[in-house]
Chemist: 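One structure is given below, represented as structure tokens, and several questions about it will come after.
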Protein chains: 2
Amino acid sequence: MDQNVFDDPRITAVGLLVEAYAGLSARFAAQFEEHGLSPVEFEVLTRLARSPNNQLRMTDLAAQTSLSTSGVTRVVDRMERDGLICRRACPSDRRSSFAVVTAAGLSRLDEILPGHLKIIEQWFTGQLDPAQLDGLLDGLRRVRDAVHPGATAGSTEPAGTAGY
Amino acid sequence: MDQNVFDDPRITAVGLLVEAYAGLSARFAAQFEEHGLSPVEFEVLTRLARSPNNQLRMTDLAAQTSLSTSGVTRVVDRMERDGLICRRACPSDRRSSFAVVTAAGLSRLDEILPGHLKIIEQWFTGQLDPAQLDGLLDGLRRVRDAVHPGATAGSTEPAGTAGY
DNA sequence: CAGGGAATATTGTCGTGGCTATAGTTGCTC
DNA sequence: GAGCAACTATAGCCACGACAATATTCCCTG
């Protein structure tokens with residue numbers, strides 16, 4: 001058909017976003033893997049570590065990550081087996097259980113985070129001068145606010161919904 | 001540990017990117033699904049449709065998408081079963097085969113693309129005034145160029161490597 | 001032109017995660 | 001307090017896709 005549809009500036013814009021995102025994700029994943037973590041596991045670890053008492057109910061963890069509740073059950077299974085987090089019964093509601101970061105999980109995170117920040121700086125924020133970066137972030141914020149699924153996730157933080 | 005690590009502006013920046021990307025992807029996927037396509041299938045269809053003769057060797061298709069060669073084999077299996085594309089033997093190299101978009105595949109794409117462009121405009125490009133959009137795209141381009149895996153993929157186009 | 005190494009597509013096997021069903025728990029209403 | 005709807009975590013089942021192994025074909029070198 002019409003070959004030029006794909007030259008539409010809207011298509012180009014999305015292509016740019018997709019490629020930048022994919023490239024960054026790959027760099028992140030490579031570093032996570034050096035430390036024995038998958039991207040999802042890193043996401044879970046950071047979500048828990050930034051929550052009060054380093055813990056979150058399974059449901060809330062699901063709401064704050066890209067996973068369904070059953071997906072959370074499984075990744076928590078794996079990470080519990082690896083000693084990075086553990087389950088704790090909720091005293092006030094016997095249906096719920098908390099996922100809690102262990103000391104090992106926190107120290108793993110400490111190993112990873114400095115390198116992670118370096119990678120962000122090297123491939124993302126450091127690629128732009130401050131004004132340019134501000135422009136980029138303003139634009140992203142605008143898009144994020146427009147597209148953002150729901151506000152909060154019940155009990156803990158008003159933090160962003162989708163992962164990271 | 002130190003709660004404030006997560007307030008680092010680099011973390012914030014990545015969080016913005018991730019959330020904007022996730023939100024957009026979800027909108028796209030929802031529309032694709034209305035037309036019976038997964039995101040990967042849309043990616044394959046567009047990649048083929050924008051290639052000479054609406055076809056691509058399996059290997060090149062893999063290089064231009066987010067899939068491995070075996071992944072391409074399988075998605076092409078499914079799409080061939082659905083009549084959207086078909087395989088064609090390569091006359092010059094009996095190891096290779098082409099994936100070719102069928103008429104049904106092209107018309108499916110024609111059904112989808114207008115709505116897809118609308119969604120991009122509604123949730124992404126239309127959220128920003130022209131100057132802001134330019135700033136965003138410049139920044140993304142910078143990051144993309146830095147992070148971009150490899151240049152070209154052999155035979156056909158010098159087009160972008162990762163999907164879309 | 002015989003042989004060997006590189007390239008190509010496919011298949012087997014496996015890990016991951018979504019959807020749905022399920023069992024246990026809670027809180028509300030009568 | 002009994003009944004019932006909503007909620008919570010988990011398990012069964014399935015689709016998807018990566019990795020490694022495999023068969024075929026190509027090309028280059030002697």
Chemist: Mind checking A/S97 for me? I need base, sugar-phosphate or nothing, with any heavy atom below 4.0 Å counting as a touch.
Modeler: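 The answer is sugar-phosphate, as A/S97 gets under 4.0 Å only of primed atoms, P, OP1 or OP2.
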
Chemist: Identify whether any heavy atom of A/V40 sits under 4.0 Å from a base atom; if not, whether one sits that close to sugar-phosphate; answer base, sugar-phosphate or nothing.
Modeler: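 Counting heavy atoms under 4.0 Å across all strands, the contact made by A/V40 is with sugar-phosphate only.
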
Chemist: From CD of B/E33 over to P of C/dG18, roughly how many Å is that when rounded to an integer?
Modeler: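 So the two atoms are 14 Å apart, to the nearest Å.
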
Chemist: Is it true that a side-chain atom of B/S51 and a backbone atom of B/L56 form a donor plus acceptor pair closer than 3.5 Å?
Modeler: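 No; judged by distance alone, with no hydrogens or angles, the pair does not exist.
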
Chemist: Which one, C/dT11, D/dG17, C/dG18, comes nearest to the side chain of A/R74?
Modeler: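 Per side-chain heavy atoms of A/R74, the pick is C/dG18.
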
Chemist: Starting from the 5' end of DNA chain C, give me the residue, A/S68 or A/D93, whose nearest nucleotide shows up first.
Modeler: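 Residue closer to the 5' terminus by nearest nucleotide: A/S68.
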
Chemist: Would you mind reading off the distance between A/M58 atom CE and C/dG17 atom P, rounded to a whole angstrom?
Modeler: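 One finds 13 Å between P of C/dG17 and CE of A/M58, rounded.
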
Chemist: Determine, step by step, whether A/R74 and A/D77 satisfy the salt bridge (charged side-chain N to carboxylate O under 4.0 Å, His left out) criterion, reporting the C-alpha distance in whole Å, the side-chain angles of both residues, the deciding distance to 0.1 Å, and the verdict.
Modeler: CA-CA 5 Å; A/R74 275 156 186 146; A/D77 283 346; 6.0 Å; no

Chemist: Of the listed nucleotides (C/dT10, C/dT20, D/dA18), which one gets closest to any side-chain atom of B/R87?
Modeler: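 Nearest listed nucleotide: C/dT10.
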
Chemist: On the 0 to 90° scale, with breaks at 30° and 60°, tag the B/F32-B/H116 ring pair as parallel, tilted or perpendicular.
Modeler: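 The arrangement is tilted - the two ring planes meet at 30° to 60°.
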
Chemist: Please state how far atom CG in A/L61 lies from atom C1' in D/dT10, giving the value in whole angstrom units.
Modeler: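 Rounded to whole Å, this separation is 15 Å.
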
Chemist: Would you mind reading off the distance between A/R81 atom CZ and C/dT16 atom C1', rounded to a whole angstrom?
Modeler: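 Checked: the CZ to C1' distance equals 13 Å.
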
Chemist: Mind checking if B/S70 touches a base, just sugar-phosphate, or nothing, with heavy atoms under 4.0 Å?
Modeler: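 B/S70: base contact, heavy atoms under 4.0 Å.
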
Chemist: Rounded to whole angstrom units, what separation is found between the CZ atom of B/F98 and the P atom of C/dT10?
Modeler: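 Computing the B/F98:CZ to C/dT10:P distance gives 13 Å.
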
Chemist: Can you identify which nucleotide, out of D/dA20, C/dA7, D/dA11, has its nearest atom closest to the B/R95 side chain?
Modeler: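 Nearest nucleotide to the side chain: C/dA7.
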
Chemist: When the distance from CG of A/D77 to C1' of D/dT10 is rounded to whole Å, what number comes out?
Modeler: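 Interatomic distance, CG of A/D77 to C1' of D/dT10: 9 Å.
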
Chemist: Can you tell me if A/R94 touches the phosphate of C/dG24, counting only side-chain N or O atoms and a distance under 4.0 Å to OP1 or OP2?
Modeler: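 For C/dG24, neither OP1 nor OP2 has a side-chain N or O of A/R94 closer than 4.0 Å.
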
Chemist: Side chain of A/E41, backbone of A/S38: donor and acceptor closer than 3.5 Å?
Modeler: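 A pair under 3.5 Å: yes.
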
Chemist: Distance check, rounded to the nearest 0.5 Å: B/N4 atom CG versus A/R50 atom CZ?
Modeler: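 Spacing of CG (B/N4) from CZ (A/R50) equals 11.0 Å.
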
Chemist: Nearest to the B/R78 side chain among C/dT10, D/dC16, C/dG18, which nucleotide is it?
Modeler: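 Among the listed nucleotides, the one closest to the side chain of B/R78 is D/dC16.
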
Chemist: Atom CG of A/L67 to atom P of D/dT8: distance rounded to whole Å?
Modeler: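 It works out to 17 Å between those atoms.
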
